Structure formats: C-alpha cells, structure tokens
Amino acid sequence: MTQQEMTSLNYLMDKAKKVSMTPDEQVAQRRSFAYGNSAFENPNITKAIVAEEDERISL
C-alpha cells in the first residue's frame with residue numbers, strides 16, 4: 001500500500017469513527033447483515049423472514 005493510500009485510508013477510518021446511526025439505521029443494518037450472512041448459507045432465507053425474526057426477538 002502506498003503512503004497516499006494509507007493516508008486516505010486513515011482519513012476514512014477517522015471519519016467513520018464519528019458516524020452515529022439512528023435507531024432505524026441500526027435496525028436496517030442489523031437486518032441487512034443477518035440477511036447477507038444467512039442467505040449466503042441458505043438461499044431459502046428471505047428479507048421478510050429476517051424482518052419477522054428480528055421483530056420477534058426484539059420484543
């Protein structure tokens with residue numbers, strides 16, 4: 001990695017540390033992560049299934 005690339009990466013990492021998500025963004029991120037990992041292993045998993053389970057365990 002070049003020095004310029006490293007500087008750019010460090011800049012982006014510093015910016016990312018200051019980002020705070022809203023509760024709705026956190027839910028969307030959690031569901032996206034769960035769907036992406038689950039559907040990779042099991043193509044029968046749908047976004048609707050993930051959303052239903054998320055609602056069920058979030059009560």
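Model, not experiment: these values are computed from the prediction.
- A search for side chain to side chain donor-acceptor pair (under 3.5 Å) contacts involving Thr7 returns nothing, not counting sequence neighbours.
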Enumerate, atom names and distances included, each donor-acceptor pair closer than 3.5 Å involving a side-chain atom of residues 26-44, sequence neighbours excluded.
{"residue": "Arg30", "atom": "NE", "partner": "Asp54", "partner atom": "OD1", "Å": "2.9"}
{"residue": "Arg30", "atom": "NH2", "partner": "Asp54", "partner atom": "OD1", "Å": "3.2"}
{"residue": "Arg30", "atom": "NH2", "partner": "Asp54", "partner atom": "OD2", "Å": "3.3"}
{"residue": "Arg31", "atom": "NE", "partner": "Asp54", "partner atom": "OD2", "Å": "2.7"}
{"residue": "Arg31", "atom": "NH2", "partner": "Asp54", "partner atom": "OD2", "Å": "3.2"}
{"residue": "Asn37", "atom": "ND2", "partner": "Phe33", "partner atom": "O", "Å": "2.8"}
{"residue": "Ser38", "atom": "OG", "partner": "Ala34", "partner atom": "O", "Å": "2.8"}
{"residue": "Asn42", "atom": "OD1", "partner": "Asn44", "partner atom": "N", "Å": "2.9"}
{"residue": "Asn42", "atom": "OD1", "partner": "Asn44", "partner atom": "ND2", "Å": "3.4"}

N/O donor to acceptor pairs below 3.5 angstrom from side-chain atoms of residues 13-22, sequence neighbours left out:
{"residue": "Thr22", "atom": "OG1", "partner": "Glu25", "partner atom": "N", "Å": "3.1"}
{"residue": "Thr22", "atom": "OG1", "partner": "Glu25", "partner atom": "OE1", "Å": "3.4"}

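- Other residues sharing a hydrophobic cluster with Leu59 under the 4.5 Å side-chain heavy-atom criterion for ILVMFWY residues do not exist; the residue is a singleton.
- Tested against Met1, the residues Gln3, Gln4, Glu5 include a single side-chain contact (heavy atoms from CB on, under 4.5 Å) partner, Glu5.
- Under the side-chain contact (heavy atoms from CB on, under 4.5 Å) criterion, Ser8 pairs with no residue, sequence neighbours left out.
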